[in-house]
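Single-structure report; data block below.
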Amino acid sequence: MTEPQVPRFAGWRAIFRGHALPTAGLVGMGLFLALALLAPAIAPQNPYDQMQLNIMDGLLPPMTQTMDGRIAYLGTDSLGRDILSAVLYGLRISLLVAVVAVAAGITAGVLLGLVSALRGGWIDALVMRAVDLTVSFPGVLLAIMLLAIFGTGVDKVIVALAIGIWAQTARVVRAVALTEMQRDYIAAARLGGISEWRIMLHFLLPNSITPVLVLLPMAISGAIVAEATLSFLGVGVPITQPSLGLLIANGNEYLLSGKWWISMIPGLVLVAMVLCVNVVADRMRDHANPFLRAKD
Amino acid sequence: MASFIIRRIGQSAVLLFIMSLLVFVGMYMVSDPVAVLAGDDFTAADREALARSLGLDRPLPLQYLAFLGNVLTGDFGQSYVYNRPVLDLIFERLPATLEMVCLAMVLGVAIGIPLGIWSGLNRRHPATRAVSFATTVGYSIPNFWQALLLILVFSVWLRWLPASGRGDTVPLLGAGWSFLTIDGLRHMLLPAANLAVAIVCMQTRLTRSGTEEVMFQDYMMFARSKGIPRWRLVNRHLLRNILIPIVTITGLELGALIAFSTVTETVFSWPGIGKLLLDSIYRSDRPVVVAYMILITVMFVAINLVVDILYALLDPRIRYS
């Protein structure tokens, strides 16, 4: 008798071979990650260093020469800050917030989901009610309300986003873990006198994690967009650590006077990055869906 | 069934109570309304008097009880900024949000469903791939940046539509409405289009996958082999079968749209409740923020409650123990 199986996480090649767009998305994701990590090395100037800014270079359109003879490939903002440099550093903040928030949210969600499934009883009831409470609000609104309470700051944005993420994960992990618990290997482990913690982390976790990995890219792109939205609205990261969203907001007031590059360029970078992550996410979700795989 | 409904309503009540507690304690820990309201020339005694007049000198549990009592009688207090009852402020701005959200939903459904059906019926057509890619792009462009693009293209470059404000309004049922005037509609078009993009993408995908699934069913094969014309096939057999999940999601999405309108309203300076929320956060106008959170919680808890009960009533397979 064959039991219905949770699909195991297949190798990258099996997922992406023969799919040009998702492969391009994967390459793009790597590229953005590299740009963010290498920002201090490759940016023409340090946008946070006031000494490097020259107000005479303010509001230059892309591809014009600055006072000291460099070419501002993507133009400058009102303070003479090089947009290319600002975008590279902004990319760092955006990715940092999104990745840390997703990592924290997913870790909390996986642990709570597993504990919930393993323990049951009032712990399960409590966790699941908290999940219901969290998922009944749209993510961005929940984050706005939390930030209205916490105040702004990089750490607070991370916490607010993580609170939106953990609940979905906990619900999925609990559901998978509950079916896994019916399997013989868990009973065998219990009979063997293996501790609950060990069963949870060494037996249940590896077998319940696949759906979370499938949802991971979607969670990251969601967190990137949510952070950008919050920062754009002025309830996210502080002005001293501008993410892409805040750069867009700063350029917003110049948009109506036709100086489009200040907000459009960080926006294009943001959209390109999210698009890359989303085509990868779509592919991974389709790959995990047996109905669609049969039609391919 | 009756016991399920009663228990579900009880759960919702507990949920609301916990949320009101979280909101109140959260807001209490953060902002100090005395610091916001006090002028520069206030002495320590003036500040104390101000705190006492706002009831902030009492212990926290007493403040909460007073707050809860007021909320239950529909009194959310006075706005610190506008010096008017909070509920009046919110109900004054609610029509602006509602009419924009409704227009967005109409646009989204009117474009999304036909597009989805067409894509589902023509799976191999190149245009279907284009539509599918376009919905991915539409999903990937953050809502607020779409708004900026719309302003840049239609207000700055083409100068067709205004970028902010509400335009002329017509009083009806004690509130001002923009959808009854040409000028008001012109102002509403961009923000509504902004909200509609996400709806179009979602409806297209949903309708398309529904259509694909239904077209594979045996009864569709049978209907086709009877020689039923294609339009009738779509109208009678396809639409009826895919519409149920679409109606459900559309209903749920209406609540989410009201929440998402915070972003759109802020970009387009549309004077609805979403903009009111953000303005109040900037100005530490605590009563307005608290009232908004409580009302939005009530709305979402009510939506979830109704959906759960409807599901239980409509689908006999769902058994709640």
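From a predicted model like this one, the values you see are computed outputs, not experimental measurements.
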Taking the side chain as everything from C-beta on, heavy atoms only, tell me whether B/S12 gets closer than 4.5 Å to B/R8.
yes

For A/L268, is it the side chain, the backbone, both or neither that has a heavy atom under 4.5 Å from a heavy atom of chain B?
both

Going by the angle between their ring planes, with limits at 30° and 60°, are B/W160 and B/F154 parallel, tilted or perpendicular?
tilted

So for A/T229, is it side chain, backbone, both, or neither that comes closer than 4.5 Å to the heavy atoms of chain B?
both

Quick one: which of A/V274, A/V225, A/T152 has the most heavy-atom pairs under 4.5 Å with chain B, could you say?
A/V274

At a heavy-atom distance under 4.5 Å, which candidate from A/V140, A/D282, A/L147 has the highest pair count against chain B?
A/D282

Contact check, side chains of B/P287 and B/F76, non-hydrogen atoms, under 4.5 Å
no

Turns out that what part of B/L148 lies under 4.5 Å from chain A's heavy atoms comes down to both

Under 4.5 Å from a heavy atom of chain A, the part of B/V289 involved
side chain

Go through the atoms of A/M273 and report whether side chain, backbone, both or neither lie under 4.5 Å from a heavy atom of chain B.
neither

I'd like to verify something: which residue of B/Y139, B/Y282, B/Y292 has the highest number of heavy-atom pairs under 4.5 Å with chain A?
B/Y282

Applying a strict 4.5 Å limit to non-hydrogen atoms, the region of A/I224 in contact with chain B is neither

Hey, are A/N278 and B/T136 close enough side-chain-wise for a donor-acceptor pair under 3.5 Å?
no

Backbone of A/A228 reached by a side-chain donor or acceptor of A/S231 within 3.5 Å:
no

Counting N and O atoms only, with roles assigned by atom type, does the side chain of B/S155 sit under 3.5 Å from a partner on the main chain of B/L152, one being a donor and the other an acceptor?
no

Under 4.5 Å heavy-atom distance to chain A, tell me which part of B/T266 shows up: side chain, backbone, both or neither.
side chain

Can you confirm whether B/R129 is buried at CZ, in the sense that more than 12 heavy atoms of other residues, nucleotides or ligands lie under 6.0 Å from that atom?
no

Please rank A/G267, A/A226, A/S263, A/A249 by heavy-atom pairs under 4.5 Å with chain B and give me the top one.
A/G267

Between A/N252 and chain B, with a heavy-atom cut-off of 4.5 Å, which part of the residue counts as in contact: side chain, backbone, both or neither?
side chain

Tell me, side chain or backbone of B/M299 under 4.5 Å from chain A's heavy atoms, or both, or neither?
neither

Chain A heavy atoms under 4.5 Å from B/L277: which part of the residue, side chain, backbone, both or neither?
side chain

Might you confirm whether atom CD of B/E253 has over 12 heavy atoms from other residues, nucleotides or ligands at distances under 6.0 Å?
yes

Side-chain H-bond candidate by donor/acceptor type, B/N122 with B/T128, under 3.5 Å
no

Go through the atoms of B/T297 and report whether side chain, backbone, both or neither lie under 4.5 Å from a heavy atom of chain A.
both

Backbone of A/A167 reached by a side-chain donor or acceptor of A/T134 within 3.5 Å:
no

Basic-acidic side-chain contact under 4.0 Å: B/D279, B/R93
no

Residue part contacting chain A, namely of B/V14, when any heavy atom lies under 4.5 Å
neither

Part of B/V156 within contact of chain A (heavy atom distance under 4.5 Å)
side chain

Considering only heavy atoms, which portion of A/L21 lies under 4.5 Å from any heavy atom of chain B: side chain, backbone, both, or neither?
side chain

Consider only side-chain N and O atoms of B/S20 and B/Y64, and report whether a donor and an acceptor are under 3.5 Å apart.
yes

Below 4.5 Å from any heavy atom of chain A, which atoms of B/I141 appear? Answer side chain, backbone, both or neither.
both

